[in-house]
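Just so you know, these numbers come straight off a predicted model, no measurement behind them. Letters A, B, ... mirror the listed sequences (proteins, then strands); counts begin at 1.
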There are 2 protein chains.
Amino acid sequence: MPFPTETGRAVLTTNIVVFSLRDEQLKLLLVRRRNPPFQGCWALPGGVVGEDEDIEANATRKLEEGTGVSGVYLEQLCTFGDPGRDPRERVISVAYYALVASERLQVRSDAHGEDVGWFALAELPPLAFDHAKMVQVARQRLAAKLDYSTIAFQFMPERFTLSDLQKVYQMILDRDLDKRNFRKRMLAMDQIRETDEVRRNGSHRPARLYRVANPQEVQIIK
Amino acid sequence: MPFPTETGRAVLTTNIVVFSLRDEQLKLLLVRRRNPPFQGCWALPGGVVGEDEDIEANATRKLEEGTGVSGVYLEQLCTFGDPGRDPRERVISVAYYALVASERLQVRSDAHGEDVGWFALAELPPLAFDHAKMVQVARQRLAAKLDYSTIAFQFMPERFTLSDLQKVYQMILDRDLDKRNFRKRMLAMDQIRETDEVRRNGSHRPARLYRVANPQEVQIIK
DNA sequence: GCAGTTAGTGTATACGTTACACCAACATAG
DNA sequence: CTATGTTGGTGTAACGTATACACTAACTGC
C-alpha cells in the first residue's frame, strides 16, 4: 500500500489542557488567537509539531512556553481529527492535559505576542475549534484519576496542609468530602509525609504541614 | 501562526487491535505486510485515512474489511507519532481497539490480497513498526475495563452460559475466578437476562443460557 | 445403576466505606 | 486576661461489599 502523494496528509498539532489551582479555583490556561480562523477567540495552548519533533516533546515545549514551568505532569488525552474541524485544511490535534502547581507558575503574558489568561472552569469563554470538547474530556479524565491515582498531588506546593489538599479534591470533584474520612484515606495510601512545621494564618489553631513523598511520580493506587 | 507549507505535515493512518475469542483463547487479528518496510512481517490491520474521511470512520471501515463484521465495539486508544516510527516519512497512527464476538466473524482471508490470521496473545509473532506497543496498551486497557464496565459482553454470542462468560474473564485477566462469587457479581449488575433455554453438550448437567440485556451499549458500572 | 463431568447454589468472615461530634489551639476584641 | 470565633485535628460504630469455601443436581455413556 504505497502512500498517496497528496491525499491523506495532514497538519499535525498539539493542544494542551493546562489545569492549575488559582484563587482557590480550578482554572485553565487559555490563549487568545491573533489570526484567523477564530481570530480573537480564546483557545487552548498548542501548536504545529515540527518535522522531526516528537509529539509529546512538542506539547511539553508549548506548555513550557505558556507557563514558564518544566517538569510538569503531562498525559496524552485523545486525538481529534474531524475533516472539518479546521476550515483551512486537514488538521489533526493530539490533545494532552497537564497539571501545574500554582506556586511554580509565572505566566509569561505576551511571551509570543499572545494574550494569555486563566479561566475558572465554570466561566470559560467560547473556545475555538473543538477545544470545548477537549476540555470536557480532560475534566472527566482528571476526576476519574483522583479515585485511583496520586494525580492530585501534582497541584500541591512543596508544603501544604490536609485542608489544602481536601479543597483540591473538592474542587475537582465538585462536592464536599468528610474531613475525617478524607484524612484517613490520604494518610492510608502512604504517599504524603508529615513535616515538623506548621502554618499559622489566622486566629485559630495552626495546621500541620505535609509534603508529597514522591513528587515526581503519579502512582496508581489500589 | 500560519501553517508551514512543507514541514509539520504527516501521513495519517489508523491501526486497530482487534480482539476476539477463538478456540478458547484471546486472539488478535494480524495481517501480513506485502510491501516494504517490514515486508512479510505481521502487523495490525489499518490504513491511510482518506482526505475527507473521519479517523474513526476509517478505523471502522478497515475493521469491517478485515473481519466482515459491522457494528462492533471500537474505542480510541492512543496516538503514536514518533518521527522515526516509519522509515519512509512522518506517519501518525491513531490506534484503536475493537472487540468482536467470534460467532460473527468470517475473516475474509485475502480480501485485499493480504494474508490474515488470528494469533494468541502469548504467541504473537514479531510485529511491524511500533505495533507491539499498541498491543500492550490495548491489553492493559481491556483488562482495566473489565473491572468497571460491561465491555466483556462484547465478546459473547447471543446465547451463552455463565461458565462461558467466566472463561472470558479468566482469559483476559489471566487468572482463575471463584465460580460462586463470579456468578453473584454478574447477576448483581443486572445486565444479563436468563432465557428459558439450556445447552446440552456432554455427559453432564445442561447449562442455562443467558443473553446480554443491552448488547449495543458498553455501560460503566459502579 | 454407576461413574464421570459440568452446572448450580448459600453462608460466614474479613475488609473497606460511610456517617457522625467533640476538643484543641490560636488570634482578636473587649 | 478571658471570652469568642475560627479552623485543625481525632475515633468508633454501622453498614455494605468482597472473599473464601463444599456440596448437591442433572445429564451421558458404559
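- Taking atom CD of A/Glu194 as the reference point, atom C1' of D/dG8 lies 13 Å away to the nearest angstrom.
- Within the structure, a side-chain polar atom (N or O) of A/Arg183 is placed less than 4.0 Å from OP1 or OP2 of D/dG9.
- In this structure, the salt bridge (Lys or Arg N to Asp or Glu O under 4.0 Å) partners of A/Glu75, at least two apart in sequence or on a different chain, are A/Arg141, A/Lys145.
- In this structure, A/Tyr210 has no side-chain hydrogen bond (donor to acceptor under 3.5 Å, both in side chains) partners at least two apart in sequence or on a different chain.
- The minimum heavy-atom distance linking A/Ala43 with A/Leu127 is given by the pair N-CD2, 4.4 Å.
- The ring-ring contact (aromatic ring centres under 6.0 Å, His included) check on B/Phe119 picks up B/Trp42, with sequence neighbours excluded.
- Minimum heavy-atom separation, A/Glu64 to A/Ser70: OE2-CB, 3.2 Å.
- Among A/Ile16, A/Val49, A/Thr13, the single residue meeting the side-chain contact (heavy atoms from CB on, under 4.5 Å) criterion with A/Asn58 is A/Val49.
- Residue pairs meeting the side chain to side chain donor-acceptor pair (under 3.5 Å) criterion with at least one member in residues 199-208 of chain B, sequence neighbours excluded, are B/Asp164-B/Arg199.
- Residues that satisfy the salt bridge (Lys or Arg N to Asp or Glu O under 4.0 Å) test with A/Arg159, not counting sequence neighbours, are A/Glu197.
- For the contact set between residues 149-171 of chain B and DNA chain C, defined by any heavy atom under 4.0 Å, the members are B/Ser163.
- Pairs passing the ring-ring contact (aromatic ring centres under 6.0 Å, His included) check and including a residue from residues 170-199 of chain A, sequence neighbours excluded, read A/Tyr169-A/Phe182.
- Heavy-atom nearest nucleotides on DNA chain D were determined for B/Arg180 and for A/Arg180, and the one closer to the 5' end corresponds to A/Arg180.
- The distance from atom CG of B/Asp178 to atom P of D/dA22 is 10 Å, rounded to the nearest whole Å.
- Around atom CD of A/Glu158, no more than 12 heavy atoms belonging to other residues, nucleotides or ligands sit under 6.0 Å away.
- Residues of residues 199-208 of chain B that place a heavy atom closer than 4.0 Å to DNA chain C, in numerical order, are B/Ser203, B/His204, B/Arg205, B/Pro206, B/Ala207, B/Arg208.
- Note: CG (A/Leu209) to P (D/dT7) measures 17 Å, nearest angstrom.
- Between A/Gln166 and the choices A/Lys179, A/Met171, A/Met186, the side-chain contact (heavy atoms from CB on, under 4.5 Å) rule is met once, by A/Lys179.
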Would you give me the side-chain donor-acceptor pairs under 3.5 Å for residues 128-136 of chain A, sequence neighbours excluded?
{"from": "A/Asp130", "atom 1": "OD1", "to": "A/Arg85", "atom 2": "NE", "distance (Å)": "3.3"}
{"from": "A/Asp130", "atom 1": "OD1", "to": "A/Arg85", "atom 2": "NH2", "distance (Å)": "2.9"}
{"from": "A/Asp130", "atom 1": "OD2", "to": "A/Arg85", "atom 2": "NE", "distance (Å)": "2.7"}
{"from": "A/His131", "atom 1": "ND1", "to": "A/Leu44", "atom 2": "N", "distance (Å)": "3.0"}
{"from": "A/His131", "atom 1": "NE2", "to": "A/Asn15", "atom 2": "OD1", "distance (Å)": "3.4"}

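- Every residue two or more places apart in sequence or in another chain was checked for a salt bridge (Lys or Arg N to Asp or Glu O under 4.0 Å) with A/Arg175, and none qualifies.
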Restricting both atoms to N or O, compile the protein contacts to nucleotides 12-18 of chain D shorter than 3.5 Å, with distance only.
{"from": "D/dT12", "atom 1": "O4", "to": "A/Lys184", "atom 2": "NZ", "distance (Å)": "2.9"}

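- From the 5' end on, the contacts that DNA chain C makes with chain B at under 4.0 Å to a non-hydrogen atom open and close at C/dG4 to C/dT11.
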